[in-house]
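Structure record follows, encoded as structure tokens.
The figures here come from the full heavy-atom set of this structure, side chains too, leaving out hydrogens, waters and symmetry mates. We're numbering straight along the sequence, starting at 1.
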Amino acid sequence: LLWVHMHKTLLTSSATAAPQHLTHCRDMVAASGEGGVAACVAELDSSDAVARLSAVRRLKNAVIGSRTRKAQYVAAGCIPKLVQLLGDDDCDVAMHAAASLGSLARGSEVQLQAVCQPDVIEGLVTNLGRRPEHAHLVETCARSLRILYQTGIASAELLFEVGHKACPTEGLPGLLVGLLAGTDTVVESVAGVLACCCKTVERRMQVFQASGVQRLLGLLVRRGPRVQEAVLEALAALLYDTPEICAWVAKQTCTTGNGVSEPTPQCFVGFLHASRGNVRLLACACLTNLERQNVLSGVCDASILGQVLSCVIGLLQSKHVTVRYGAAITMANLVEDRQQLQQQLCERGAVPRLAELFLPMGGDVTPEPRQEWMLKEGALVALSAICSSREDNRREVIKSDVLKHVVACLKDPEVSVRHAAARCTRSLSRSVKNLRTCLMDAGIAKPLLALLSDKSVDVRAAASATLCNLVMEFSPMKKVVMDAGGIEKLVELTRSSHSRLRLNGVWALKNLLFEADTLEATVTKSRVMQQLRWDHLFSLLDDQIVDVQKEALALLRNLVYGSAEDIERQISAACSGAPELIDRMATKLAQPNLPSGVTRQALYVVCNVATGTAAHKNAVVAHTALCETILGAIQHGGVSVRVPALWTVINLTWPDDAGGNNGRGTGDRYRKSGETNVCLRPNAHDHSPCLSLHAQVLLSAPASSTPWATCALCSLFCSPVSQILTSGNG
């Protein structure tokens, strides 16, 4: 009956309305065929304003809701013509052109690439500032701009351009902030644009300095639910990892609908009980960003984090895929590197809820492929954060039977899922027990090795970081990795142009050779260096990335660890002899402003060489500059640098052959140190944690050792604090 009534009303409408309706129907029919598409696009260039308006209206009506029509019109070359019409003198023409571009942006990947171009953005933005008096045009351009940026493809560079013609004095951030005083439709669209485009701290600060955050806070409780949701989305983006904005917002107050003034964070807490799931999620995101900057203390109730945790756990069961995904990501951001919150999540039952994200949604809901990978990615990211630090949490994750899903996700066609799976595997691999049992049984090593050839740098970086744990000496997967060509793939990473890959490649090789002093380990050293080559290793010692230098030195340290024969074997393969290697280390240690981590590893290389033969020890003592460097290291402010210097002195003063030559080699080195005006004297007054161990080493010196051992022990207790190497003749 309602349909009949509407039909009769349509038939008995005014004489002017009926022809207009029929005209629209004829326009859509005419624009539906291929010939109609070409004719319609051609008519966009008409010199007749009425014809242009008719053509752009036909195009807009034809493409709404039809991917086929969108593809046809894009292929016919409509986009450049629509961009030109954005500057048409007739505001109706410009408005329909803007609406058409927004509709075309909701098409296939090819259509998105065609629409999300700088000239399209330029035309839409220009209309925002050029024609503020035409409200409908501004609304349509703002809406289409939001659609374009929500695709994630359009570049935001233009929006932060200084001195743009649309707003030469305030800049485009100022223009966008000014539009927040407009209608609800404009505010909703502009807030959405800000949420999508403020991906860097610099951009967020530009909006903040244009009073954008202040304007958004003012809208938070004064507009309708849709505007509030858009404003919360923009605030969540602006607060992310921006300490200055977070500190400012935490000090503000806002007036609720009841006229009560309360701290802004407490206002966010109020939205945790909203009826719309996405509003609750965005409130959680805002509070999480504030908490990450430690600005909530003293502003809100102490139970606020518990409320956020309960809220995000509940949102994991939302009917909306985007909300479930966002809840998992927000959860990960909240608990990352925070063991207490990780524990609370497990105690509140978060892990089983996350495990459910790998399962079909159930009911009548059939998620699209994109939604399926979103849920898997969200679950993996959250699980990775939860089990990153606590062994009990890792045990809980394993018990939830998600490991099979993690392994399957390492082979997922979606790059973000593979990346998240590799990160989750890395967190789980921090457990020795997991490495020896469940991860080994799950066969996780080979899929990870396959990811070292992934097209994504992020995936390769995450997989190689995980392999650093898998090749440790206590891991049964070490042999699996080596037998599957792991050495070759890791060496290949060390030659990458991407610093993260170089670092992880060197790090994994270092772990592979850790405490490698057995016959099998000697073979492993040879296999590694056959692929890595000594000249390449030496080049890594001077890599432009400090961490790569440090790990390359640690790799060299492990290579020269072992028996005297093994040390000699490695030195002979590396260079002409111990003096050359020692000279390389002295040169490295002499570099100005050397980070303490690099200094420490270089000293350990010298320390290990000093455990070798008398020739190795003599090569160290003969290098005057190096001895002076060791003196400086002993006086270093960091114990991590003083310890290897201590061990170097102990190794140099240890007798070469206690039963055969009465320690004459040690005495020669002591006399040599006097000739070079450097005296080696250990000192136990250093209050480092290793002090007692150093004393035990000297006390355990054989009775037949040189008198220098006794002198060393005496000086250990009698020398000034923190002084092991002193200038003078001893």
Side-chain angles (χ1 to χ4, degrees), residues 328 332 335-336 339 342-343 345-346 350-352 354-355 357-359 376-412 416-454 458-490 493 504-505 507-515 520 524:
V335 305
E336 186 178 8
Q339 293 192 34
Q342 293 168 12
Q343 180 181 356
L345 268 182
C346 278
V351 173
L354 289 168
L357 299 185
F358 292 104
L359 306 176
K376 289 188 287 187
E377 179 193 355
L380 290 165
V381 171
L383 290 171
S384 174
I386 289 174
C387 66
S388 61
S389 304
R390 301 187 74 251
E391 183 65 22
D392 289 344
N393 291 17
R394 297 187 192 106
R395 191 179 304 113
E396 184 74 18
V397 170
I398 296 297
K399 282 172 54 181
S400 66
D401 199 30
V402 300
L403 192 54
K404 60 186 178 183
H405 298 296
V406 175
V407 176
C409 287
L410 290 172
K411 309 169 188 176
D412 196 272
S416 62
V417 175
R418 297 196 302 275
H419 180 232
R423 289 180 55 191
C424 186
T425 305
R426 184 186 185 189
S427 292
L428 291 171
S429 69
R430 288 172 178 156
S431 166
V432 176
K433 183 178 180 181
N434 286 340
L435 284 173
R436 288 176 174 167
T437 54
C438 53
L439 292 180
M440 179 70 179
D441 296 339
I444 212 161
K446 290 185 178 179
L448 278 171
L449 276 174
L451 291 183
L452 295 185
S453 303
D454 197 274
D458 289 335
V459 172
R460 297 205 301 273
S464 55
T466 307
L467 283 166
C468 290
N469 293 339
L470 266 57
V471 298
M472 295 293 288
E473 83 282 359
F474 51 75
S475 170
M477 281 182 280
K478 178 177 180 178
K479 187 175 186 303
V480 177
V481 171
M482 292 173 60
D483 292 344
I487 292 177
E488 291 77 8
K489 291 186 176 183
L490 292 173
L493 291 181
N504 290 345
W507 200 320
L509 291 172
K510 175 202 74 174
N511 288 351
L512 191 67
L513 299 180
F514 179 69
E515 292 191 353
E520 180 182 352
T524 302

Exercise for review: Show your reasoning for whether side chain to side chain contact (heavy atoms under 4.5 Å, CB included) applies to L452 and L490.
Suggested key: CA-CA 8 Å; L452 295 185; L490 292 173; 4.2 Å; yes
Do you know which two heavy atoms are closest between [X] and [Y], and how far apart they sit?
X	Y	result
A328	A382	O-CB, 3.6 Å
V480	M440	CG2-CE, 3.9 Å
C424	S384	CA-CB, 3.7 Å
G486	L449	CA-CD2, 3.8 Å
N504	A461	ND2-O, 2.9 Å
L493	S464	CD1-CB, 3.5 Å

Exercise for review: With sequence neighbours excluded, give me every salt bridge (Lys or Arg N to Asp or Glu O under 4.0 Å) pair touching residues 459-468.
Suggested key: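 Sorted result for residues 459-468: empty, none.
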Review point. In this structure, which one of V402, V381, L380, I386 forms a side-chain contact (heavy atoms from CB on, under 4.5 Å) with L354?
Key: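 That would be I386; it is the only one of V402, V381, L380, I386 passing the side-chain contact (heavy atoms from CB on, under 4.5 Å) with L354.
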**Study point:** Identified side-chain contact (heavy atoms from CB on, under 4.5 Å) counterpart of L448 within the set V407, L410, L439
**Key:**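 Result for side-chain contact (heavy atoms from CB on, under 4.5 Å) with L448: L410.
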Rounded at 0.5 Å granularity, tell me how far [atom1] in [X] sits from [atom2] in [Y].
X	Y	atom1	atom2	answer
L383	L428	CG	CG	8.0 Å
L357	H405	CG	NE2	10.5 Å
N511	L470	CG	CG	10.5 Å
K479	T524	NZ	OG1	10.5 Å
C409	E377	SG	CD	10.5 Å
Q343	S389	CD	OG	12.0 Å

[X] side-chain N/O to [Y] backbone N/O, donor-acceptor pair under 3.5 Å:
X	Y	answer
D458	H419	no
S400	V397	yes
R430	S388	yes
S427	C387	no
Q342	V335	yes

**Study point:** Candidate pair I444 and M477, rule side chain to side chain contact (heavy atoms under 4.5 Å, CB included), full reasoning
**Key:** CA-CA 9 Å; I444 212 161; M477 281 182 280; 3.8 Å; yes
Review point. Counting heavy atoms not belonging to R394, are there more than 12 under 6.0 Å from its CZ?
Key: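 Enclosed: over 12 neighbouring heavy atoms sit under 6.0 Å from CZ of R394.
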**Study point:** 4.5 Å side-chain heavy-atom contact, V471 and L509
**Key:**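 Not touching, per the 4.5 Å side-chain cut-off.
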Review point. Taking it one step at a time, do C346 and D392 satisfy side chain to side chain contact (heavy atoms under 4.5 Å, CB included)?
Key: CA-CA 9 Å; C346 278; D392 289 344; over 6 Å; no
Exercise for review: For side chain to side chain contact (heavy atoms under 4.5 Å, CB included), just list the numbers for R395 and E391, CA-CA rounded to whole Å, side-chain angles, deciding distance to a tenth of an Å, and then say yes or no.
Suggested key: CA-CA 6 Å; R395 191 179 304 113; E391 183 65 22; 3.8 Å; yes
